[in-house]
Structures are given as C-alpha cells and as structure tokens.
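Here the structure is a predicted model, which means the values were calculated and not measured. Numbers restart at 1 for each chain; the letters A, B, ... are given by sequence-line order, proteins then strands.
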There are 2 protein chains.
Amino acid sequence: MSVTIKDVALEAGVSTATVSRVLSGKDTVSMRMRDRVLSSVEGLGYRPNALARSLREETSKTLGLVVSNVMNPFFTAVARAVEDAASEKGYSVILCNADESPDKEASYLDVLFQKRVDGLIISPARTSSPQLQSFVSSGVPVVFVDRTIEDLGIPTVRVDGRKAIEELVEHLLKLGHERLAVISGPPETVPGGDRLKAFLACAAERGAEIPEEYVRFGDFRRESGRQAMRELLRLRCPPTAVFAANNLMCLGALQAVKETDVRVPEDVSIASFDDIVWFELTQPPVTAIAQPVRELGNATAEMLLGMIEKAREPESLIIEAELIVRDSCGPPPASQ
Amino acid sequence: MSVTIKDVALEAGVSTATVSRVLSGKDTVSMRMRDRVLSSVEGLGYRPNALARSLREETSKTLGLVVSNVMNPFFTAVARAVEDAASEKGYSVILCNADESPDKEASYLDVLFQKRVDGLIISPARTSSPQLQSFVSSGVPVVFVDRTIEDLGIPTVRVDGRKAIEELVEHLLKLGHERLAVISGPPETVPGGDRLKAFLACAAERGAEIPEEYVRFGDFRRESGRQAMRELLRLRCPPTAVFAANNLMCLGALQAVKETDVRVPEDVSIASFDDIVWFELTQPPVTAIAQPVRELGNATAEMLLGMIEKAREPESLIIEAELIVRDSCGPPPASQ
DNA sequence: AAGCTTTACGTAAAGCTTTACAAAAGAGGT
DNA sequence: ACCTCTTTTGTAAAGCTTTACGTAAAGCTT
C-alpha cells in the first residue's frame, strides 16, 4: 500500500541499494543518480519505514520513560526535559505511567523491551524484576531517576535535599527561632524518611533539638497537613516555625492557620519542601526548597544518551535542591 | 546477540512456525509441542522482537501524541488519559512537544509517520502541513484534540465552554449582580476569542449589556490579570463581579484585590475559566469553569482506538465544560 | 483397508531496509 | 590499445516475524 524503496528504485531506474545510499548519504553516488533518486523520492512522497530500518540496524531510536504518574508535576517536568533532550538527538520517547504498581511496571518494561528501545529511564517501584533484569543483561542502558534500587550497578540521577534543608534550618535559627516543628511525610517512604532525618539531624547539630511533640506525620496530602498544623497550634507551647515536607501538606497547614487568627509570618513561620509556581502566588509567598526538576530531567536524559552512544560511563549524579527564600518566614513573635 | 525465535525453535526441536503459533495462539498445536516450546521460551528468556513483528503485521501498536507542551496541566491530563486508554488496549504512546512551532510539529509528524504509528492524536498548530496530509492520505486515523483545522475531514474532540459560561452569567445575575466585567485573553486566539464572545453574548441576551470599560484584555498570564483587575477596581463605578478567562489571570486578579482592602466575595465576586486543584485551596475557594480533561482525553483516545479498529466512524465530539460553584461569588454589596 | 477429512507441522516467502561483496564502468598511465 | 586503480552501481543476504501453502500423519466412515 505504502510506497517503498523498491518503488522509488523502479521509478528512478536504479537499484534499491543506490536509493538507500542517496538517502543515508553514507556512501558516494554520482550526481546524476542522486538527482534522479531525489526527484523520485519527492514525486512519490516516499518516507522510509523506520520499523524495517530499525530491524536491520538494531537500533530503534526510541527511549522508554517509566514514571509513576505524569500528573505529578515533578515527573511532568522530567518528562518534558527528557523528551527535549531526546528529540534533540533524534530519539523518540515512549511514555509509561506505572502508578506505583509493580505489575504495571513489569508489563510496561516487557513491552518496551520487545519494542527494542535503545535506552530506559525509570523511577522504579521498590524492588527489581525479571523485566528490569532483561534490560541489564542484554546491555540496554538504563538510568534511574529520583528513586533507586541498590546493587544493580545502574546509575541514578536524583535530587538531594539535605544541604537545602540545612540552609533552611540555619535560615530559621538566624531569624531567632528556637522552637522548630516538622510535618513529615510517611517515614517509610524514601523522600519521607530522608527529609525528616535531615531536618532533625540539622536542627540537633545546631543545638535546636526537636522534641517529639513537634514531629507530626502526614501522608503527603493536604488534609493531613491541615490536621497536623491544627494540632501544633493547639499545643500549650506551640512552635514558632513549621517545616512541611511537601507542597500539599504545606497548603493544608496554611489553611489550618487561616482558620485561626494566627498570622504568617508574624506569629508563625512556615516553609515547605518541593517548590511550585503557586507558592509565589499565595499570601504570603511561601519559602520553599525547590527541586531543580528541569536540570534533573535534562541530566538524566543526557546521561542515558551518553551511555547509548558510548560516550559516557554510567555514574550516579546527585543534584542539590535549592532553598528559595520568600516571605513566609520571619522573626519569631517577640512575646515569649 | 539477542535470543530469537530461531533459537527457541532449535532448542525445542521444532520449526519457527510452530513457535510462532504457540505464542500467538492463533492456530492449533499439539500439547506436546506446546509444552516443549513454552519451556524453551522460558528457559532462554525469549522476548519476541516487536519491530520484526510490526514490520510483518503492518501494525506497530503505537500511537503518536502531539501537544504543544505537556507542562500545560490541560495537556498533562490529556496525555495521562490517552496513555491509560492506549495501554489498556495494548498500545504504547510516543509523546511529542511541539511548542507551538510548526517546524517542530512537522518534524515530529515526519518521525511518527516513519515509525508507522497506528494512529495520531494532535492538537494542531494553525495550519495543515504536508506531514499531516501524509497521515490522511495513507489512511492512518487521526483525531484532533482541543484545537482543530477545518476541511480536512478529521474528527475533533474538544471542550465547549459556552453553556458553562451561560450558567455562570445566570448564577451571577441571580445573585443580583448588574455590573459584570471580564478579563479576557488575547481575542485572536481561539480560546481567548470564544470565551469572550460567549460571555458578552450571554450577558447581552439577558439584558446585562457589558460596557466597553468593563472589558479588559490580558495575555493569559498572571501579571496581566493583576494589572487588569487594578484598573477595574480603580474605575469610578467598579464592577461587582469579574470573570477571568483563565486560571493564571484569575490569580493575578486575586492578588490585585489583596493589595487593597476590598474583600472577596463581599465587595467583589470573582470567577475563573479553567479550574485547577489550587482553586479549592485559596481563600476563598474560587468559583470556576472546569474543563473535564480526563473525560476529554479519554474520549479522544477511545475515538482514535475505535477508528483504528474500524469499530467506529470518525465523528467530532464536543464535551461541555462545567461550572463549579465555590465561595468566591456572592451577592453584590448592598450599598449602591 | 481404501478413501476421505481433519489436524499438526514444516518450508519458504514476504514485509522493508541496509550493506558486504562482486561486477562494471570510468580514469589515468604507458 | 592495454593494464591498473578507483569510483560507481547492482545483487543478494540478513535482520526477525508471521503465514500461505503443502505434506504427512492421524482419525473417521463405510
């Protein structure tokens, strides 16, 4: 049905080899042939069949990207950056949403493997799988983004928040705060545990040990942040600064504050992990720790492409998160 | 390098045809052979090469999705819905960000065509292109989403806001408002023009003609909304209700209000087009017109898949936007 | 047991490219 | 004119599947 290289060859009165050579430019062809071929290609509207080409060349010029959910702004940005870098180098990307389901993930990996992607970027669920092993053992380059699985020898690109959290703690202490609280995510998740540990450790190192009643746990969703903040405000001796471990819980916290006549930052300072546009737009704008997602996505894609083209050794990369100071943190209330 | 169907056939002592038959299940094979083949497949870890299969079967089980930018929440949701529906039916999707550039769009379309995608979903830039024509003339199903190009006979799935805008106008009039204003997007863009026209027409039909000074133009970005709102508030006789034509401009408007001691909704009511999660979370929560994006994306994918499987005639589909009433609209101030 | 139908399997072609190798043509030298 | 070397072009294989067609075996009928 579709026009093939044979049709072009026939119409131009040459062999398919010549057509291929003209089109790939990899070999020398006489001017006369070249013109004849080109005009036939034009005339017939010939577009090479990438499936056949890939089959023959053993490279599909396609990458797989497996994330839990593109609707998570973090992964949206990663997807965008990956796609940019990939298309820049002539690769397409197949997008997969695994939804935290190991089964879904495995089945996507299977498909991607069968489609012979030249490389894979994945934010893996907890454990490895035979499907993931397939990639590794057939030498298809893989890089982890954001999350990781140990001992597979697969490079990981991720954001480290420790330093930024340190900065935040110092920022708060410098403002004069002595009673810091944290609304943590589930401590069994990687980001949940890491952020909590980092915050507690930094505070302790600087002599601002955080008492147990100032550590609240949420589930990274808004309502849990609201609830936690309510509890904190109700304490006999409430904290003067609160760090929410992600954006949604921070919003919940802000709502809890609004329900009372407590003001931000005059009465209580608030800061968040994971910056988003909307934090610029709230009243007051929220001090937050930004994950440089574009950079992250970009670095991930560059790493993978480098590995594919053998230009680069796989090597994990950690990007520092960045503290963005806005107006939601101020000096603690003067009254003691 | 990779293990092929030949290897399996060899190890199981059968022909490749038999292996293929076992795996496809399309033809009858004896139990004994079946087991032998299956255990060889298992043992060797054979995964069929989808490129070869696609080449032979003339179907790649892959769709192309071309949007301007996945980072636009609207398209993020579309992408997610499309991917869901596609994977449900065994299709993968290649994601492309055309960035409003006709050149980029054309080049993506070229690649997708060469990769022989079985179908294409695209939110097209203004005009058609030879690349788009390629799809049409080779009979590859295409559906437009959100935007459209006339006269190509390609079905479009999009959201129509007219009815919801009508509801909004009625809602405002019922609350007692007589002075309605609008912060419009650029009238030369499709959404900009449509929303403005709809709002003006609905108001006029109901006897609430909107004077010129109550019509302001922004660029769909925050700052322009802020500016427009400032101007509206400074009028000798300011409007009692303002409709912002998208979410960012609405946020700007809210900021402009916060700069003054005007209260929402007591002194002025505000509503927005294009709902987002954050509107639930602002103070007050914003009445907005929601585009049912999931539904839209889903319908688009279903339509395309239906066309691919010849189960459905291409037919445009228009989904109604929906008014979500929250607290940012109330009765106008009693004082006249 | 012959003849027929059905079932089970193998052979080989086809799907479209790219490319190793061979062959032909051209150029240059004597 | 002949030889050698280089350049240009063609032939055919290979990349991996699926499947039309054909054959052999097995089952059934009479």
- [ ] Provide, to the nearest angstrom, the distance between the CG atom belonging to A/Leu55 and the P atom belonging to D/dC16.
- [x] 7 Å
Open item on the list: What's the closest nucleotide to the side chain of B/Glu57 if the choices are C/dT18, D/dT18, C/dG10?
Closed with: D/dT18
Task: Listed partners of B/Thr59 passing side-chain hydrogen bond (donor to acceptor under 3.5 Å, both in side chains), at least two apart - done: B/Asp118
- [ ] Using atom CG of B/Leu51 as one end and atom C1' of C/dT18 as the other, report the distance to the nearest whole Å.
- [x] 15 Å
Open item on the list: Over all strands shown, is A/Thr4 touching base, sugar-phosphate only, or nothing at heavy-atom distances under 4.0 angstrom?
Closed with: sugar-phosphate
Open item on the list: Quick check on DNA chain D: between A/Arg21 and A/Arg56, whose nearest nucleotide comes earlier from the 5' end?
Closed with: A/Arg21
TODO: Send over the distance from B/Leu10 CG to D/dC16 C1', rounded to a whole Å.
DONE: 15 Å
TODO: Measure from NZ on A/Lys61 to C1' on C/dT17 and round the result to the nearest Å.
DONE: 16 Å
Open item on the list: Check this one for me: any side-chain N or O of A/Lys26 less than 4.0 Å away from OP1 or OP2 of C/dT18?
Closed with: no
- [ ] On DNA chain C, check which nucleotide each of A/Ser20 and B/Thr16 is closest to and give me the residue with the more 5' one.
- [x] B/Thr16
TODO: Just compare C/dT17, C/dG15, C/dG10 and give me whichever is closest to any side-chain atom of A/Ala52.
DONE: C/dT17
Open item on the list: Just to verify, which of A/Thr148, A/Thr300, A/Asp146 counts as forming a side chain to side chain donor-acceptor pair (under 3.5 Å) with A/Thr156?
Closed with: A/Thr148
Open item on the list: Expressed as a whole number of angstroms, how long is the span from A/Ile5:CD1 to C/dT18:C1'?
Closed with: 8 Å
- [ ] Ignoring backbone atoms, test whether B/Ser30 places a side-chain nitrogen or oxygen under 4.0 Å from the OP1 or OP2 oxygen of C/dC9.
- [x] yes
TODO: Kindly point out which of C/dC16, D/dG10, C/dT11 is positioned nearest to the side chain of A/Thr18?
DONE: D/dG10
TODO: Identify the nucleotide, in any strand shown, that forms a Watson-Crick or G-U wobble pair with D/dC28, with both distances under 3.5 Å; if there is none, say none.
DONE: C/dG3
Task: Residues A/Ser87 and B/Tyr108: side-chain donor-acceptor under 3.5 angstrom - done: yes
TODO: Flag yes if more than 12 heavy atoms outside A/Glu188 fall under 6.0 Å of its CD atom; otherwise flag no.
DONE: yes
Task: From C/dT18, C/dC9, D/dG15, nucleotide with atom closest to A/Arg53 side chain - done: C/dT18
- [ ] Round to the nearest Å and state the distance from A/Met31 atom CE to D/dT9 atom P.
- [x] 12 Å
TODO: Please report, rounded to the nearest Å, how far the P atom of D/dA12 is from the NZ atom of A/Lys6.
DONE: 13 Å
TODO: Please determine, for the side chain of A/Glu58, which listed nucleotide (C/dG15, D/dG15, D/dT8) has the closest atom?
DONE: D/dG15
- [ ] May I ask you to evaluate whether A/Thr28 reaches the phosphate of D/dT7, defined as a side-chain N or O under 4.0 Å from OP1 or OP2?
- [x] no
Open item on the list: Starting the side chain at C-beta, find the nucleotide from D/dC16, C/dT11, C/dA8 nearest to B/Ala17.
Closed with: C/dT11
Open item on the list: When you compare the side chains of A/Lys115 and A/Thr62, does any donor N or O come within less than 3.5 Å of an acceptor on the partner?
Closed with: no
Task: Sidechain N-carboxylate O distance under 4.0 Å for B/Glu57, B/Lys26 - done: yes
Task: Rounded distance (Å) that lies between atom C1' of D/dG15 and atom CD of A/Gln114 - done: 17 Å
